[in-house]
Protein chains: 2
Amino acid sequence: MDESVPQKGTVTQRAIEQIKAMIGEGRLEPGQRLPTERDLATQLGISRSSMREAIRALTVLGVLEARHGSGIYVTQLEAGDLLETFGVVADLSRGPRLVELLEVRRVLESTATALAAARITPEQLAEVEKHLEAMNATEDPEEILFHDLAFHRAIVAAAGNETMAAILEGLSSRTFRARVWRGYQEEGAFERTRREHARIHRALADHDPEAARAAAAAHVGEVEAWLRGQVEEHGWTTTNGTRP
Amino acid sequence: MDESVPQKGTVTQRAIEQIKAMIGEGRLEPGQRLPTERDLATQLGISRSSMREAIRALTVLGVLEARHGSGIYVTQLEAGDLLETFGVVADLSRGPRLVELLEVRRVLESTATALAAARITPEQLAEVEKHLEAMNATEDPEEILFHDLAFHRAIVAAAGNETMAAILEGLSSRTFRARVWRGYQEEGAFERTRREHARIHRALADHDPEAARAAAAAHVGEVEAWLRGQVEEHGWTTTNGTRP
DNA sequence: TCGGGAATGTGGTCAGACCACCATGACGGT
DNA sequence: ACCGTCATGGTGGTCTGACCACATTCCCGA
């Protein structure tokens, strides 16, 4: 077919760019099914192996989705699809960068919480309260962590910015939170966490953005300050410890 | 080798997780060279093709780097490496999500600018001024865009949070800015942009974080408001238009 | 009419070959 | 003795063709 494209980088890289361009130009709509790997490879004049690598790359980026036995599809290209890789960053970061990530989270989450305070509906507030109460009603760390995540997720969702929500989701992903939370909560921070959550909830119920922003910033800031201390004290790396 | 891992998802996916785990557990250090594709494939008991797909996936994520004829290496795992994919999001987003991205940028950049005002050194300030003057000294849109990017990049760098800088880099990537900027500047916003930049610079020189935050937020907010109007008016999609 | 199974098409995996590139070191000229 | 040159081996990059696993479709028989 179009042999117009000359040598430029590796063959696979070229294929990645071409498919990305097709989507950018609107020639491929979200949800649409692509030609088969074999056809695509023929069209671009490359082998199926190289085409598969290109598809794999775009799959990882959350742009394409391959369904075994069915075909290759363009994702909905929503924030959640494209920002899923953000979680990997949190998983592989350690030491000083963990603090930086928490600083980003503090900035974004305090803003999101402020927005939520202004816009939250009674239904959304009920969802928040559900997880708040569930969190206070149990002592099981696993369950607490689950409802803690859901609590913040519900708030961020009420802010109405899906992109921001997707980023924060990556910054609060289960493994990331678990790593930091474990050490933090060991120091008897449960009670403080409960107070901070209550303050956030009150600000939301009062529709008070400024109070909500301050409460959220303080909440994340507490963890951030603790982690900063840990990193400075011992050169903490916080790898995914292989617990024996 | 370790045939202990049973069937779980696709073979390639398993390989991706295993390599990611090796890095997470510290068995692979940043900058370290990995075994050859052939050896890795043998070790994990899979074919070279599948292993190559796994490597491609981790390459896209910014975790690995393959050098033709030399070998496969673990990247430095710095924020820039891992967040490079963030630019793809900006490239493929359109319509309402563009506004959301700009909102995220406003939040992060205003914070970064405030931090910079508090910490910036004379050398860093000189760098900022260099681009500010260069930007005001030309009429070539390409050059203006270049120095505009460099202006903000220098400020964000002075904030001292590499993770935040990497995210903002993705949100200001050349293609993203070009798409929005083109339309924005067509409406004679040059003069306003100059005033806003001057205000940001003065706040930095005065080491006044609050003024810096306000100026940066207003600056991005201007573009954001304009874009929001565009999206609401015509159902603007802002694809990479194939200009005929 | 409807249930089930075969046929087909798809992505997933494998094997082996060859090419392009890089690093190293042996070699020969100076 | 020094240094540039080039041969060589090893590495990632690409291609081919085959087979497997899964989803969908469709047709046939109950």
Side-chain angles (χ1 to χ4, degrees), chain A residues 1-20 22-23 28 30-75 81, chain B residues 1-20 22-23 28 30-75 81:
Chain A
M1 305 296 164
D2 24 20
E3 315 296 3
S4 54
V5 187
Q7 310 289 20
K8 192 178 70 177
T10 70
V11 179
T12 303
Q13 198 60 39
R14 232 184 307 161
I16 295 176
E17 298 302 333
Q18 293 197 32
I19 297 180
K20 217 160 54 174
M22 286 189 210
I23 297 176
L28 291 178
Q32 182 178 339
R33 184 177 180 283
L34 274 69
T36 70
E37 292 180 346
R38 294 162 174 87
D39 289 349
L40 275 175
T42 302
Q43 284 179 31
L44 299 190
I46 65 179
S47 74
R48 199 188 155 201
S49 318
S50 303
M51 178 53 70
R52 275 189 60 80
E53 283 192 37
I55 293 171
R56 168 71 59 181
L58 292 168
T59 296
V60 169
L61 289 178
V63 173
L64 298 183
E65 179 190 2
R67 299 181 207 156
H68 190 170
S70 173
I72 309 167
Y73 301 81
V74 182
T75 68
D81 301 323
Chain B
M1 321 305 155
D2 28 14
E3 316 296 2
S4 54
V5 187
Q7 310 289 19
K8 189 178 72 176
T10 72
V11 179
T12 302
Q13 196 60 40
R14 232 184 306 160
I16 294 176
E17 298 302 333
Q18 293 197 30
I19 296 180
K20 216 160 55 175
M22 286 190 212
I23 296 176
L28 291 178
Q32 181 177 340
R33 185 177 180 281
L34 275 70
T36 70
E37 293 179 346
R38 294 162 174 86
D39 290 348
L40 275 175
T42 302
Q43 283 179 31
L44 300 189
I46 66 180
S47 75
R48 198 186 156 202
S49 316
S50 303
M51 177 53 70
R52 275 191 60 80
E53 282 191 38
I55 293 171
R56 169 71 60 180
L58 292 168
T59 296
V60 168
L61 289 178
V63 174
L64 297 183
E65 179 189 2
R67 299 181 207 157
H68 190 169
S70 173
I72 308 167
Y73 301 81
V74 182
T75 68
D81 301 323

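Convention: sequence-line order gives letters A, B, ...; per-chain numbering from 1. On a predicted model such as this, the values are computed, not experimentally measured, just so you know.
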Handout entry: Pairwise distance CD(B:E53) to CD1(B:I46) - rounded to 0.5 angstrom
Key = 9.5 Å

Exercise for the section: Figure out the CG/P separation between B:L40 and D:dT11, and round it to whole Å. Expected result: 11 Å

Exercise for the section: Answer with yes or no whether B:R56 presents, from its side chain, a donor or acceptor under 3.5 Å of a partner atom in the base of D:dG13. Expected result: no

Problem - Position toward the 5' end of DNA chain D (nearest nucleotide), B:G71 or A:S70 - result: B:G71

Handout entry: Phosphate OP1/OP2 of D:dC15 contacted by A:S47 side-chain N/O (<4.0 Å)
Key = yes

Problem - Reported CD-to-CD distance for the pair A:Q13 and A:Q18, which is rounded to 0.5 angstrom - result: 11.5 Å

Practice task
Identify, between A:R52 and B:R48, the residue whose nearest nucleotide on DNA chain C lies closer to the 5' end.
Solution key: A:R52

Practice task
Could you tell me whether A:S49 contacts a base, only the sugar-phosphate backbone, or nothing, with contacts defined as non-hydrogen atoms closer than 4.0 Å?
Solution key: base

Handout entry: Quiz item: A:T10 side-chain donor-acceptor pair to D:dT14 base, under 3.5 Å
Key = no

Problem - Proximity to the side chain of A:E37 - top-ranked nucleotide from C:dT13, D:dC15, C:dG11 - result: C:dG11

Fill in the blank from the handout: To the nearest angstrom, the CD-C1' distance between A:E53 and D:dG13 comes to 8 Å

Problem - Contact under 4.0 Å: B:T36 side-chain N or O vs D:dG10 OP1/OP2 - result: no

Problem - Distance in angstrom units between B:R33 CZ and C:dT24 C1', rounded - result: 13 Å

Practice task
Look only at the side chain of A:R33 and the backbone of A:S70, and say whether a donor-acceptor pair between them is shorter than 3.5 Å.
Solution key: yes

Practice task
Check the distance between D:dG12's C1' and B:I72's CD1 and give it to me in whole angstrom.
Solution key: 7 Å

Handout entry: Pair of N/O donor and acceptor under 3.5 Å linking D:dG12 base with B:R38 side chain
Key = yes

Problem - Interatomic distance where NE2 belongs to B:H68 and P belongs to D:dT11 [whole Å] - result: 13 Å

Completion exercise
From CD1 of B:I46 across to P of C:dC14 the rounded distance in Å is 6 Å

Practice task
Return the value, rounded to whole Å, for the distance between atom CG of A:L34 and atom P of C:dT10.
Solution key: 13 Å

Exercise for the section: Measure from CZ on B:R67 to C1' on C:dA20 and round the result to the nearest Å. Expected result: 18 Å

Completion exercise
When A:P35 and B:G69 are each assigned the nearest nucleotide of DNA chain C, the 5'-most assignment goes to A:P35

Practice task
Run the numbers on B:E17 and B:R14 for side-chain contact (heavy atoms from CB on, under 4.5 Å), then give the verdict.
Solution key: CA-CA 5 Å; B:E17 298 302 333; B:R14 232 184 306 160; 5.8 Å; no

Practice task
Give a yes/no answer on whether the side chain of B:T12 brings an N or O atom under 4.0 Å of OP1 or OP2 in C:dG12.
Solution key: no

Practice task
List the atom of B:T12, the atom of B:A54, and the distance in Å for their closest heavy-atom pair.
Solution key: CG2-N, 3.6 Å

